[in-house]
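The block underneath contains the structure these notes are about, expressed in structure tokens.
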2 protein chains.
Amino acid sequence: MISVVVIGSGNVAHHLISAFNNNETVNIVQVFVRNLEKGIENFPNEKITHSFSNLKEADVYLICVTDNAIASVSSQIPFKNKLVLHTSGSVPLNHLDSKNRKGVFYPLQTFSKSKTISFREIPICIEAEKEDDFALIEKIAKAITLKTYSIDSNQRKAIHVAAVFVCNFVNYLYTIGNSICEENKIPFEILEPLILETANKIKTLSPQEAQTGPAKRNDTETINSHLNFLTDTSQKEIYKILTKSIIDNGKKL
Amino acid sequence: MISVVVIGSGNVAHHLISAFNNNETVNIVQVFVRNLEKGIENFPNEKITHSFSNLKEADVYLICVTDNAIASVSSQIPFKNKLVLHTSGSVPLNHLDSKNRKGVFYPLQTFSKSKTISFREIPICIEAEKEDDFALIEKIAKAITLKTYSIDSNQRKAIHVAAVFVCNFVNYLYTIGNSICEENKIPFEILEPLILETANKIKTLSPQEAQTGPAKRNDTETINSHLNFLTDTSQKEIYKILTKSIIDNGKKL
């Protein structure tokens with residue numbers, strides 16, 4: 001068994017702790033929670049600590065805290081030469097304190113506390129300085145997922161930027177769709193099959209091949225009528241810039 | 001049986017003809033195809049015509065042509081007082097020629113010829129001038145889908161604009177994600193679970209609730225590091241404007 005201490009109690013910590021529950025390879029021996037009042041669902045209270053000085057010895061320390069706190073948390077671990085991992089898409093490996101061995105265990109998914117998720121299909125991006133450590137991280141990852149990738153800090157940054165486009169920004173476009181529906185007394189559910197099919201298409205078509213719509217056809221009449229329809233300045237601006245980019249991109253091909 | 005003549009041979013015609021294949025309620029008696037060389041997959045050649053003067057008499061004419069051609073096509077139908085429907089998201093009902101009864105049969109989905117699709121979950125937006133015609137269109141729609149909606153021309157325009165945001169623009173963000181991956185030698189498949197989960201979330205969470213990411217957290221450090229990372233001017237501009245809009249939108253709530 002690989003013994004792991006999890007540091008953090010946010011969305012990522014929450015989902016990882018529950019994914020490792022009753023695991024045959026990995027044993028979460030302790031969770032560090034900063035907030036004295038906070039517990040972890042389905043994790044025994046007696047294995048929770050609020051103080052770095054009470055941190056147990058373990059094979060691996062898995063830091064699941066906000067990006068800005070990773071360096072400071074890693075320096076407060078009261079051990080040396082342990083394997084310390086962070087779970088962030090945007091923090092380079094070398095931000096971890098050098099008294100311990102450094103690694104990254106980045107699950108590429110969007111986590112909401114209120115939505116359960118199966119880990120088996122979630123890609124875990126792994127980085128380590130030493131081959132042995134890479135193998136150990138891979139073993140931990142393979143205990144919960146089928147998909148592991150060797151990704152260096154630069155590539156991880158690229159993935160994180162790409163993820164902002166395909167997840168955060170995409171969800172914001174759903175928000176705009178939702179507000180247009182609400183303003184016109186249309187149930188948002190009417191867009192659900194379109195949203196799901198648009199996502200599903202990428203399994204069989206490249207997004208370039210899947211592109212449809214007025215911008216792709218350079219259909220200026222429809223584009224102008226949509227711009228006239230939109231009253232929200234910010235929505236109008238987003239419509240313009242994305243349409244222009246789709247048209248320009250089409251010319252390049 | 002309701003007899004239907006389909007006019008057009010593009011993506012929507014193609015998918016509708018195949019959805020109505022062997023249907024118990026609707027019989028497609030003829031398809032009008034402008035291009036002399038073009039056939040329709042799984043539809044007998046002898047039932048295809050290339051001339052409006054050869055158009056058969058039927059209960060319903062289903063116009064599946066490009067938006068700009070709808071008015072002209074509807075005026076070329078050599079009959080009177082038939083039910084003539086168009087399938088467009090953005091053309092008002094009254095663009096159809098007045099010698100026939102007017103209706104709209106708008107399937108709200110993204111169609112690619114190379115990808116088959118099940119019609120059962122596709123919302124069909126219905127509009128008609130007369131109650132009887134509405135009932136007839138609803139009967140045709142229910143022959144292939146579980147989901148029909150009464151949607152007037154204004155609402156349909158709103159849906160079409162919303163669809164551009166949640167489908168066309170979303171797919172373009174996938175294209176940007178793909179190109180960032182390619183530039184950094186990362187397989188695009190790594191983003192697939194994230195894309196699917198982002199779409200699936202809307203079944204259980206409102207997009208407002210589902211929003212995550214650096215813009216939502218107003219995490220200026222990460223935002224600036226992403227902007228420094230992006231070299232493509234257009235991608236940078238899209239990143240900026242969507243981030244600003246997410247931040248401004250968060251302040252309103």
Sub-4.5 Å side-chain heavy-atom contact between [X] and [Y]:
X	Y	result
V166(B)	T198(A)	no
F165(B)	L242(A)	no
P193(A)	L108(B)	no
S234(B)	D248(A)	no
E121(B)	L196(A)	no
C125(B)	I190(A)	yes
S245(A)	I238(B)	yes

Considering only heavy atoms, which portion of [X] lies under 4.5 Å from any heavy atom of chain B: side chain, backbone, both, or neither?
X	value
T204(A)	side chain
L205(A)	side chain
V161(A)	both
N200(A)	both
E183(A)	neither

- Quick one: which of A158(B), G89(B), G213(B) has the most heavy-atom pairs under 4.5 Å with chain A, could you say?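 Most heavy-atom pairs under 4.5 Å with chain A: A158(B).
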- Message: I'd like to know which of I186(B), T66(B), L194(B), I122(B) tops the heavy-atom pair count under 4.5 Å against chain A.
- Response: L194(B)
- Query: Hey, which residues of residues 143-151 of chain B are touching chain A, say heavy atoms under 4.5 Å apart?
  - Reply: K147(B), Y149(B), I151(B)
Of the backbone (N, CA, C, O) and the side chain (C-beta and beyond), which part of [X] lies under 4.5 Å from a heavy atom of chain A, both, or neither?
X	value
K203(B)	both
T243(B)	both
P187(B)	side chain
S90(B)	side chain
F188(B)	side chain

- Just checking, is any N or O donor in the side chain of N168(B) or T212(A) under 3.5 Å from an acceptor N or O on the other one? yes
- Task: Check the side chains of K157(B) and S225(A) for a donor-acceptor pair under 3.5 angstrom, ignoring hydrogens and angles.
- Result: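 There is such a pair between these side chains.
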- So among K201(A), Q211(A), E197(A), which one has a side-chain hydrogen bond (donor to acceptor under 3.5 Å, both in side chains) with T110(B)?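 That would be K201(A); it is the only one of K201(A), Q211(A), E197(A) passing the side-chain hydrogen bond (donor to acceptor under 3.5 Å, both in side chains) with T110(B).
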- Item | For the student: nearest non-hydrogen atoms of I195(A) and A199(B), plus distance |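 Between these two residues, the closest heavy atoms are CG2-CB, 3.9 Å.
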- Note on the structure: Tightest non-hydrogen contact, residues N184(A) and Q155(B), listed as O-NE2, 3.2 Å
- Query: In Å and rounded to the nearest 0.5 Å, what is the CG to NZ distance from D152(A) to K185(B)?
  - Reply: 11.0 Å
- Message: Is it true that, when you exclude K142(B) itself, more than 12 heavy atoms of the residues, nucleotides or ligands shown sit nearer than 6.0 Å to its NZ?
- Response: yes
- Query: Is atom NZ of K240(B) surrounded by more than 12 heavy atoms (other residues, nucleotides or ligands) closer than 6.0 Å?
  - Reply: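 No, the 6.0 Å shell around NZ holds no more than 12 heavy atoms from other groups.
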Interface residue of largest heavy-atom contact number with chain B, from [options], under 4.5 Å:
options	result
I246(A), V164(A), I180(A), N178(A)	I246(A)
P123(A), G177(A), A215(A)	P123(A)
K244(A), Q109(A), E189(A), R217(A)	Q109(A)
H226(A), E209(A), H160(A)	H226(A)

- Message: Strictly less than 4.5 Å between heavy atoms, which residues of residues 169-176 of chain A line up against chain B? Please order them by number.
- Response: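 Answer by number: F169(A), V170(A), N171(A), Y172(A), L173(A), Y174(A), T175(A), I176(A).
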